[in-house]
2 protein chains.
Amino acid sequence: MADTVHPSLASGRGSGAPERPWGNRPTMKDVAARAGVGLKTVSRVVNGEPGVTADTERRVQEAIEALGFRRNDSARVLRKGRTASVGLVLEDLADPFYGPLSRAVEEVARAHGALLINGSSAEDPEREQELALALCARRVDGLIVIPAGHDHRYLEPEIRAGVATVFVDRPAGLIDADTVLSDSFGGARAGTAHLIAHGHRRIGFVGDRPRIHTAAERLRGYRAAMADAGLPVGPSWVSLGPTAPERVRDAVRAMLTGPEPVTAVLAGNNRVTVTAVRVLAGPRAAAGTGREHPVALVGFDDLDLADLLGITVVAQDARALGRTAAEQLFRRLDGAGGEPVRVTLATELIPRGSGEIPPPAGTA
Amino acid sequence: MADTVHPSLASGRGSGAPERPWGNRPTMKDVAARAGVGLKTVSRVVNGEPGVTADTERRVQEAIEALGFRRNDSARVLRKGRTASVGLVLEDLADPFYGPLSRAVEEVARAHGALLINGSSAEDPEREQELALALCARRVDGLIVIPAGHDHRYLEPEIRAGVATVFVDRPAGLIDADTVLSDSFGGARAGTAHLIAHGHRRIGFVGDRPRIHTAAERLRGYRAAMADAGLPVGPSWVSLGPTAPERVRDAVRAMLTGPEPVTAVLAGNNRVTVTAVRVLAGPRAAAGTGREHPVALVGFDDLDLADLLGITVVAQDARALGRTAAEQLFRRLDGAGGEPVRVTLATELIPRGSGEIPPPAGTA
DNA sequence: ATGAAAGCGCTAACAG
DNA sequence: CTGTTAGCGCTTTCAT
């Protein structure tokens, strides 16, 4: 903390000069003194406001240069009441799905002169709340949240106090707010229907934990497609849980070796798809499973290089998700009123081979 | 009524009440009034400072709840002189290399109670400077920069004023500062040597624009390995430039069709590798190039699914890069002095098949 | 244990 | 055109 820094260390001189909280950075007052003008004149120059003669401006600029002055936005913010920053709480910036989403938000923010503060919740509701509230304490103008938890009432006072808030990728819990989602239900239904259209009747679904909204929706889409086709869903064909590779691997193997082995798999998100591909296409894929025929696969979320691996996917547009949410946020910040808006973005099925593998003969 | 409704909250609009800059959020003063205590007591409670009786604390807490008060950190920051935030200027958060790097920085910052503000320079030096200085104006405690430009003297006044600064992935230009790099030279040399060890004599290098430090270093490593082996470098075997797929594709094709076609390629970064793989392994890979034998490939930077595609790579550890830089930053913030530090992290060659393809018979 | 007063560095609102 | 005076909401200092 600040108190661990001894005065003698702080600025290289051990004099009795009172330590200023901001080190000893020059302030507008210092610039004014040096330029022999009033404080407000410096402010005018720094902010490019009119009403300063060219000569005065030059003298002020010189003083700014000489002193190495840079405006302290903390003070400006306090006075103006706007931070020109927005917050984004997401699951994990290292996930290839959220990186592009965040970047899209950043671009919109930049177009509006705002900076973006990211925070990773690591899928932990407590951490989500902690982060969101920390951002509110810093008085971000707006907040975009990819929920980890299911109760966002903690944000009610903030929203009421004027923090524009948009939820993305998953809906808010127990409060009504602007929301931008991908069509998880429709996408999963289409992906499953695609497999059915290619002759499959025993199809498995491996998804994330069911309390995650997108996971639940995708499961619902899968079931809907099966029902549409009049197909039963075997007891061991559905597996929801953490997306850790070990669990997914075991889940996929179990589906392939049960009494009614599946001939195709719908993977519930990018991480699951990756592991599924490893299991299904790995060197020892068929070993120990008794399979001899390749298993069809449709993954939710697109992947880099998926085209080269021939993986059929139901793709969502992470960038569009971020852009749409950010645009809605700034619309609110620009004064747009009205009821909370709910946008659903379509998904796109991209056939690349793995989803078009037919079932083994004699399975229909 | 004055105790339940904030003075100017009652005014729906248009009343004579002066608009306060922060909307009409309650302040500590409001809480104090409602709880019937002094301002400082509220501050003590909010910050968990000692010297408040249990009963007083309870009354303050009630007032906080009732009013929906949340401390305004902007004001706190102004007074304390520390923002508890660090800035990270990188190229593109959507790039799978920088996402994990950023996340690693975030984790270290979090451990030190600081938030992270990211900014994407889009590889534009002007934008890098604009972002870095905007972060300085917000008085981030520290700054981590992945340079886009080559002249960082613009940061000198800031660094002198006390902004701890660490450069990552590429060195600073024209100033001396803490730096954390990957061993691009050594990695490229090892990757090239690997291809040579597998019998190749005509090896191409496709990299990013030469003004990017890592690109230049990797080229140097490539040349060093060739020289070590006493091999010449054909005039058409080296191609540096933007990593746009079209350019990379053309560059690779040119190397494969020249008078002295290469039998192996070293790809200079993750984007180049992806395109190179598409060209070399794509459905029409051999068509039009006159090739019949597969071309060996070693990529710089690891990729998701590279194992499944059998792509041999020279991997850097993006997370370690971010973590190391952040740790150095906080070491400085905790008062560590001394000369600027320069750390180089080793790379790792991961053989997966594409780099072990031998040259066609009769090429040696 | 509690509170009054004095700023942090800047901008808004008025003077001159 | 320019400068002076009040704050923004909080922490610090120093009384009580």
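Order of the sequence lines sets the chain letters (A, B, ...), proteins ahead of strands, with each chain counted from 1. Below, each value reflects all heavy atoms present in this structure, side chains not excepted, and no hydrogens, waters or symmetry copies.
- Side chains of B/R34 and B/L67 form a contact here, defined as non-hydrogen atoms less than 4.5 Å apart.
- Taking atom CZ of A/R139 as the reference point, atom P of C/dC10 lies 21 Å away to the nearest angstrom.
- Residue A/M28 places its side chain closer to C/dC10 than to any other of C/dC10, D/dC10, C/dG3.
- Summarising the geometry, the separation between CG on B/L39 and C1' on D/dC10 is reported as 8 Å, rounded to the nearest angstrom.
- Within a 6.0 Å radius of CD in A/E62, more than 12 heavy atoms belonging to other residues, nucleotides or ligands are found.
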Collect all protein-nucleotide pairs involving nucleotides 14-16 of chain D in which both atoms are nitrogen or oxygen and the distance is under 3.5 Å.
none

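- With distances taken from any side-chain atom of A/K40 to the nucleotides C/dA12, C/dC10, D/dT2, the minimum falls on C/dA12.
- Taking a cutoff of 4.0 Å between a charged side-chain nitrogen and a carboxylate oxygen, A/E65 and A/R58 do not qualify as a salt bridge.
- Contact annotation: B/N72 does not reach the phosphate of D/dC8 (side-chain N/O to OP1 or OP2, under 4.0 Å).
- A donor atom on one side chain and an acceptor atom on the other are found under 3.5 Å apart for A/S74 and A/N72.
- In this pair, B/F167 and B/H152 present their aromatic rings perpendicular. The plane angle is above 60°, beyond the 30 to 60° band.
- Here B/V77 lies out of heavy-atom contact (under 4.0 Å) with every strand.
- For the pair B/R20 CZ and D/dG7 C1', the interatomic distance rounds to 12 Å; values are reported in whole Å.
- The side chain of A/T56 lies closest to D/dT2, out of D/dT2, D/dG3, C/dG9.
- Separating the CZ atom of A/R79 from the C1' atom of C/dT11 is a distance of 5 Å, rounded to the nearest angstrom.
- Closest to the side chain of A/T27, from the set C/dC10, D/dC8, D/dT11, is C/dC10.
- Counting only N and O atoms by type, the side chains of B/S120 and A/E106 include a donor and acceptor under 3.5 Å apart.
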Between B/L143 and B/L155, is the side chain to side chain contact (heavy atoms under 4.5 Å, CB included) condition met? List the steps.
CA-CA 10 Å; B/L143 197 55; B/L155 278 174; 4.0 Å; yes
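- In this structure, A/F69 atom CZ and C/dC10 atom P are separated by 4 Å, rounded to whole Å.
- No engagement by B/D73 is indicated, since no non-hydrogen atom pair under 4.0 Å with the nucleic acid exists.
- Checking the phosphate oxygens (OP1, OP2) of D/dT2, a side-chain nitrogen or oxygen of A/T53 falls inside 4.0 Å.
- When each of A/K80 and A/P21 is assigned the nucleotide of DNA chain C bearing its nearest heavy atom, the one mapping closer to the 5' terminus is A/P21.
- Looking at heavy-atom distances under 4.0 Å, A/V37 makes contact with sugar-phosphate atoms alone, never a base.
- Taking atom CZ of residue B/R82 and atom P of nucleotide D/dC10, one finds them 21 Å apart after rounding to whole Å.
- Across the protein-nucleic acid pair, B/W22 atom CH2 and C/dC10 atom C1' stand 13 Å apart, rounded to whole Å.
- A/K29 places its NZ atom 15 Å from the P atom of D/dA6, with the value rounded to the nearest Å.
- In this model, the phosphate group of D/dC10 is not approached by any side-chain N or O of B/S43 to a distance below 4.0 Å at OP1 or OP2.
- Taking a cutoff of 4.0 Å between a charged side-chain nitrogen and a carboxylate oxygen, A/R332 and A/D178 qualify as a salt bridge.
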